[in-house]
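We name chains A, B, ... by the order of the sequence lines, and we start the count at 1 in each one.
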Protein chains: 2
Amino acid sequence: MPAVRLSPTSYVVLGMIALRGPSTPYDLKRAVGHSVGYFWHFPHAQLYSEPERLTAAGLLTCETETEGRRRKTYSITPAGTEALQSWIAEPSDSHFQIRDPAELKLFFNEVGAPDDVARLAKGQIERHEERIALYESMVARFGPEPADNPRLITLELGLEVEYATLRFWRALAAGDLAGLRRRRGESA
Amino acid sequence: MPAVRLSPTSYVVLGMIALRGPSTPYDLKRAVGHSVGYFWHFPHAQLYSEPERLTAAGLLTCETETEGRRRKTYSITPAGTEALQSWIAEPSDSHFQIRDPAELKLFFNEVGAPDDVARLAKGQIERHEERIALYESMVARFGPEPADNPRLITLELGLEVEYATLRFWRALAAGDLAGLRRRRGESA
DNA sequence: CCGCAATCGTCCTCCTCGGACGGTACGGCT
DNA sequence: AGCCGTACCGTCCGAGGAGGACGATTGCGG
């Protein structure tokens, strides 16, 4: 039972199994896909290999189906629960990262054509509006007071960020970044 | 001159050299460190190895210093400039990702102790306030109308997101996510 | 009963990550 | 001048992440 370095991926696997009970990697894939995976993509292959690591470390146990599709069901062990809980309890180690290719393009736009920024902004506005509509419709399915549903809190944060980003690109397209700053100052 | 897959890291390297002129990896490290690197971390080892790849692909040229410190200065080629420009011009391929360990902890908080959320929120509020103060002080150094300085636009987007995230954690700590939703609806 | 599409699992290759380590330059002290 | 500490700079390496290719299984419609 060797010790391993636990990454965010590890905790996603542990967390999902802790929340949902024994799961197959495919279960994890789907569960991640419509929750934390909205803003932080975890490639599906990881959700097959990571449980193996965690099993080797004694944080999960594995039950293999013999007939038909070779399917493995993982369950969390007391050690796994403890590792997850102490990670949740410990003070946060690192700041968030925002990985936005569009932001890179914007930063280097001087190298490109003059109207690239306008087209980029237009595309980003559409993209974020679509996302917002999607997320809002999902939130709406949960009724009038969804804000405290634990499964939705994460979506709430995502929406807040989506709106912020949308405001930015709109201000950029309108040439009114100064106005953005002003409104930000007021709301704070 | 084999073709290579160009990643965001590749474009950061190309872009920095295009903006700043011939650079050493260490120059890149510093330039990235106080610009795009604020929100998207690029490990320094990449900024040494990536230029080699790009040189092999014909997008950069390399000049090696002979005396003293072994130092390599990279310059961009016409092919490199073109690759960068066409990337900037092409419609954005993928949505942004937000990688926030705190968000994961929040999502899985049911597994933890009851007061974990409160402590998490408290820590996040402090963290984001610090960041905001830091970025604001940097922006302030550029004078009263900084918003359109191209080097700062990226910081502007980052600040918008920082404030959004701060509002979220504050609302969470105050138990008033519904209020957050309401205010968001008004401002949109 | 067959074929086809959706579902599910594995593999492979290249890239990312981040820390360890070692070399180089420079200023201060004796 | 020579030594030493420290900041600066470059390389390496092992583990993990990314994501596409591919193969197997299942169930459904003909």
Ordered by number, residues from residues 39-52 of chain A within less than 4.0 Å of DNA chain C (heavy atoms) are H44(A), A45(A), Y48(A)

Cationic N near anionic O, under 4.0 Å, E136(A) to R181(B): yes

Whether the E63(B) and T73(B) side chains hold a donor-acceptor pair (N or O, under 3.5 Å, no angle test) is what I'd like checked. no

Do the two ring centres, one from Y135(A) and one from F39(A), sit under 6.0 Å apart? yes

What class does the angle between the rings of F96(B) and H128(A) fall in, given that below 30° is parallel, 30 to 60° is tilted and above 60° is perpendicular? perpendicular

What's R30(A) touching, base or sugar-phosphate or nothing? Going by heavy atoms closer than 4.0 Å. nothing

Output the rounded distance in Å from CZ (R5(B)) to P (dC12(C)). 20 Å

So does R183(B) pair up with D176(B), basic N to acidic O under 4.0 Å? yes

Are E130(A) and R127(A) ion-paired here, with the side-chain N under 4.0 Å from a carboxylate O? no

Looking at T9(A), I'd like to know whether one of its side-chain N or O atoms comes within less than 4.0 Å of OP1 or OP2 on dG16(D). no

What is the distance, to the nearest angstrom, from the CD atom on Q97(A) to the C1' atom on dT16(C)? 11 Å

When the nearest nucleotide of DNA chain C is assigned to K72(A) and to P8(B) on a heavy-atom basis, which residue is associated with the more 5' position? K72(A)

From dG16(D), dG23(C), dG9(C), nucleotide with atom closest to R70(B) side chain: dG23(C)

OP1 or OP2 of dT7(C) sitting under 4.0 Å from any side-chain N/O of K29(A)? no

Tell me the interatomic distance from Y11(B), atom OH, to dT16(C), atom C1', rounded to whole angstroms. 17 Å

